[in-house]
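Take a look at the structure set out below.
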2 protein chains.
Amino acid sequence: MKNKRKTTIKDIANVLNITPSAVSRALHNHPRISDKTKIAVKKVAKDLDYQPNHLASALRSGKSKLVGIIVAKTNSYFFSSVVENIEYELNKKGYNLIITQSNESFDKECRNIDALLQTQVDGIIASLANETVNFDHYNKIKEKGIPLILFDRGENDIGVDYVGIDDYQSSNIVVNHLVEQGCKRIAHIAGYSHTRIYKNRIRGYKDALKKHGLPEEEELLLEGSLSIEDGRAKMTELLKLSILPDAVYAAGDYAALGALQVLQEHNIKVPEQIALVGFSNEPFTSLVSPSISSIYQHNKEIGKLVAKQFLLRVNDKNYKPVLHKTILEPELIIRDSSRKLKS
Amino acid sequence: MKNKRKTTIKDIANVLNITPSAVSRALHNHPRISDKTKIAVKKVAKDLDYQPNHLASALRSGKSKLVGIIVAKTNSYFFSSVVENIEYELNKKGYNLIITQSNESFDKECRNIDALLQTQVDGIIASLANETVNFDHYNKIKEKGIPLILFDRGENDIGVDYVGIDDYQSSNIVVNHLVEQGCKRIAHIAGYSHTRIYKNRIRGYKDALKKHGLPEEEELLLEGSLSIEDGRAKMTELLKLSILPDAVYAAGDYAALGALQVLQEHNIKVPEQIALVGFSNEPFTSLVSPSISSIYQHNKEIGKLVAKQFLLRVNDKNYKPVLHKTILEPELIIRDSSRKLKS
DNA sequence: ACCATTAAGACAAACGTTTGTGCAAAACTT
DNA sequence: AAGTTTTGCACAAACGTTTGTCTTAATGGT
């Protein structure tokens, strides 16, 4: 049985009769160390299977090489693929991710932030919970002086870097598409308007209607949590209208799915009688029948951009008050649920 | 602007004219510290907004309070809900999770393990990638002396704690159910038999057939990756048989979904002509139509048990070579895809 | 051959805790 | 009242790095 003790920088120093500081510098390619000793140090390090102690270096340097992530649910294709790409990019630079879930709860989000700050993360990347309307906790992050990047669910009020798609434009694209398919009475199952992205989708929806000369009717715009159940409830409500809509645009795929279920239960043909469009391009949209048209948010791209932005910030010693808001163009994936015209 | 410096244990000591060690002990409720000073210390700590420096304590004590998680994909309902419950339980004890994904790649899994070990995690909880057949990396964890718990995809060869369901029994339940529905020619879209859980499902399938006096036919047993595409391919193959099966049992929900798609494209009625059962109870199984029957693996329970087992190990100073394998009873959720008899 | 540079590394302090030991005073013994 | 135990804390080292400053030897210029 070998000795359990891990080899440290000191052990290497002893072997070569130099000091630990020289070893440390050699391993970091410090210019003041000769190439000869650098090579020697690295060889011994390899021979002794030296593994740097992150905790020690973190303590001394103040950098933990850990990045905190906060999302609503990892269990969503959008979030998990964004995170996957962040992880890929940041791993390359030696960072590890601590992933936490807020479960859409403001309280849990606060606790997560505290936990992450305690773990001395070098930065935090987050997408806000639906409940979140108070940003004191995020200011705590800024006060700590570590970078904070928001994506998808962001907020303009706290001056902070952001990466997401153009929600206003998304609605525009959806409405354009539906009008093109001949729809004239387009309903919108919306998210709560206190969340910025949903507010923008609503604005985009309204403006697009106006642009096409369609009247904006109260009864066709319903706010909710966008869960499956919510989608079902909202669709049921819409079916009670004296004049039915000929299209439904849901601000979330799960809500769209709920709506689809209700439509099918009422034997309403999709898209012939009512066309349907969702949002986020969750995988199931292409699996159900009819497949659901949806807005693709460039998940991979968002992940990469967030990572890039984080690296920029974390390497930026002199605090630059320049904000970076990166807005991507959304893309509508047209599927059967909204394809009335056979092209 | 307040001074940026975080308050340390020393600051508290200075305020009260005691030593840092006394403060540390007071905060940890050491018996050798009087209640009076304990209260005083805690008060000052609160007043000064003292946040313990985890890195420092980790360095000194050797415990980082971080736990590494390795799963194939966070983006799967089963994994994400297991992890959610692990997180919930371990957070209560002051642990934070570092979640990594292997993406079913052996290589990535090894890199993840190395990264986690470098970050000085106090333990690792993992579910093996499909590719993994070599366990040297897991032995590295054991050599380090930190606990390792496997769940779902485990392996008997490395002596290690495990939590999962009884896969053999699962197949039994499925076949019993299908036979009950009147099926006599049951196909199995299986996972690769080099993975233990899939091997057991195959064994269970074969034995159950035997038990019911049904012949075991080569052409009805097809191994694959269990992706949607794989499910489609395997179902297409099955449809080429001269005598069609009257039931298909897929060892994964995605494969079941792929099979369902193919069946519907061929206008084969499910379950009337061919019944279908999946595995894992992914949410979409209840969303598609017909809804897919599936095996529920007690996600929440697994998470809780894994956490419990981890805590047991991590607090166990004297290495106990007693292995804990926890096996849960699977539960078949019967839905439309296999309900031939109207009950 | 003398002074000025530069190169290569030594030295030591520091990061914020935890922890074993030491030591005085207080509290029990008898 | 003297001895013994207990209580409450001080002292200092240690965890493994990183980093600012100092020292010495080598190099260069004239």
Side-chain angles (χ1 to χ4, degrees), chain A residues 3-42 44-45 48-66 94 117-120 122 144-145 317, chain B residues 3-42 44-45 48-66 94 117-120 122 144-145 317:
Chain A
N3 62 337
K4 286 244 161 186
R5 248 180 42 68
K6 290 198 44 169
T7 71
T8 80
I9 224 170
K10 266 187 184 173
D11 300 327
I12 302 180
N14 286 336
V15 172
L16 297 171
N17 272 323
I18 56 178
T19 68
S21 65
V23 174
S24 171
R25 289 188 162 112
L27 290 173
H28 288 82
N29 285 318
H30 192 283
R32 277 302 187 72
I33 301 293
S34 71
D35 289 350
K36 206 182 78 185
T37 50
K38 275 180 191 168
I39 293 172
V41 165
K42 285 173 187 171
V44 176
L48 268 54
D49 188 32
Y50 166 71
Q51 303 281 65
N53 183 327
H54 268 62
L55 293 175
S57 75
L59 175 58
R60 173 61 226 234
S61 65
K63 305 278 142 211
S64 68
K65 285 289 185 179
L66 290 172
L117 290 180
Q118 280 215 359
T119 319
Q120 322 272 101
D122 287 350
K144 252 219 158 188
K317 309 298 171 198
Chain B
N3 62 337
K4 286 245 163 186
R5 247 180 44 67
K6 289 197 40 165
T7 71
T8 81
I9 222 169
K10 267 188 186 173
D11 301 327
I12 302 181
N14 285 336
V15 171
L16 297 171
N17 273 322
I18 56 178
T19 68
S21 65
V23 174
S24 171
R25 288 186 162 114
L27 290 172
H28 288 80
N29 284 318
H30 192 283
R32 280 298 188 73
I33 301 292
S34 71
D35 289 351
K36 206 184 79 185
T37 50
K38 274 180 192 167
I39 292 172
V41 164
K42 284 172 187 170
V44 176
L48 268 53
D49 189 33
Y50 167 70
Q51 303 281 64
N53 184 326
H54 267 64
L55 293 175
S57 75
L59 174 59
R60 173 61 226 234
S61 66
K63 303 279 144 212
S64 67
K65 286 290 186 176
L66 290 172
L117 290 180
Q118 280 217 357
T119 319
Q120 321 271 100
D122 287 350
K144 254 221 159 188
K317 307 300 169 198

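Throughout, a chain's letter reflects where its sequence line sits, starting with A, and its residues are numbered from 1.
Distances were taken from every side-chain heavy atom of Ala22(A) (C-beta onward) to each of dT18(C), dG9(C), dT19(D); the shortest belongs to dG9(C).
When each of Ile9(A) and Arg32(A) is assigned the nucleotide of DNA chain D with its nearest heavy atom, Ile9(A) is the one assigned upstream, toward the 5' end. Comparing Lys38(A) and Pro52(B) by the nucleotide of DNA chain C whose heavy atom lies nearest to each, the residue mapping closer to the 5' end is Lys38(A).
Residue Ser34(B) places at least one side-chain N or O closer than 4.0 Å to OP1 or OP2 of dC9(D). Distances shorter than 4.0 Å separate some side-chain N or O of His28(B) from OP1 or OP2 on dT18(C). Residue Ser24(A) has no polar side-chain atom (N or O) positioned under 4.0 Å from OP1 or OP2 of dT19(D). Side-chain nitrogen and oxygen atoms of Thr19(B) include none within less than 4.0 Å of the OP1 or OP2 phosphate oxygen of dC11(D).
Separating the NE2 atom in His54(A) from the NZ atom in Lys63(A) is a distance of 13.5 Å, to the nearest 0.5 Å.
Nucleotide dT19(C) holds its P atom 12 Å from the CG atom of Leu59(B), rounded to whole Å. In this structure, NZ of Lys6(B) is placed 20 Å from P of dA14(C), rounded to the nearest angstrom. Taking atom CD of residue Gln118(A) and atom P of nucleotide dG16(C), one finds them 15 Å apart after rounding to whole Å. Rounded to whole Å, the distance from CG on Leu55(B) to C1' on dG16(D) is 13 Å. One interatomic measurement links the two molecules: NE2 of His30(B) to P of dT19(C), which rounds to 9 Å at whole-angstrom precision. Residue Ile39(B) contributes atom CD1, which lies 12 Å from atom P of dC9(D) at whole-angstrom precision. Between the CG atom of Asn14(B) and the P atom of dT17(C) there is a distance of 12 Å, rounded to whole Å. The NZ atom of Lys10(A) sits 11 Å away from the C1' atom of dA13(D) (whole-angstrom rounding).
Contact detail for Asp11(B) and Thr7(B): the closest heavy-atom pair is OD2-CA, 3.1 Å. Of all heavy-atom pairs between Pro20(A) and Ala13(A), the closest is N-CB, 3.7 Å.
A 4.5 Å side-chain heavy-atom check between Lys144(A) and Leu117(A) finds at least one atom pair inside the cut-off. In this structure, the side chains of Tyr50(A) and Leu27(A) come closer than 4.5 Å at one or more pairs of heavy atoms. For the pair Asp122(B) and Leu66(B), the minimum side-chain heavy-atom distance is 4.5 Å or more. Residues Asn53(A) and Lys6(A) form no side-chain contact, since every pair of their non-hydrogen atoms from C-beta on lies 4.5 Å or further apart.
In this structure, Ile18(B) reaches the sugar-phosphate backbone alone: every heavy-atom distance under 4.0 Å involves primed, P, OP1 or OP2 atoms, never a base. When heavy atoms are screened at a 4.0 angstrom cut-off, Asn17(A) is found touching the sugar-phosphate backbone but no base atom.
Two end axes, each from the C1' atoms of five base pairs, can be drawn for the helix from dA1(C)-dT30(D) to dT30(C)-dA1(D); they diverge by 30°, to 10 degrees.
Residue Arg60(A) places no side-chain atom within donor-acceptor reach of the base of dT17(D), judged by atom type and a 3.5 Å distance cut-off alone. At a cut-off of 3.5 angstrom, the base of dG20(D) holds at least one donor-acceptor pair with the side chain of Arg25(A). For Ser21(B) against dC11(D), a side-chain N or O and a base N or O form a donor-acceptor pair under 3.5 Å.
At a cut-off of 3.5 Å, with distance as the only test, a side-chain donor of Thr37(B) or Ser34(B) sits close to an acceptor on the other residue.
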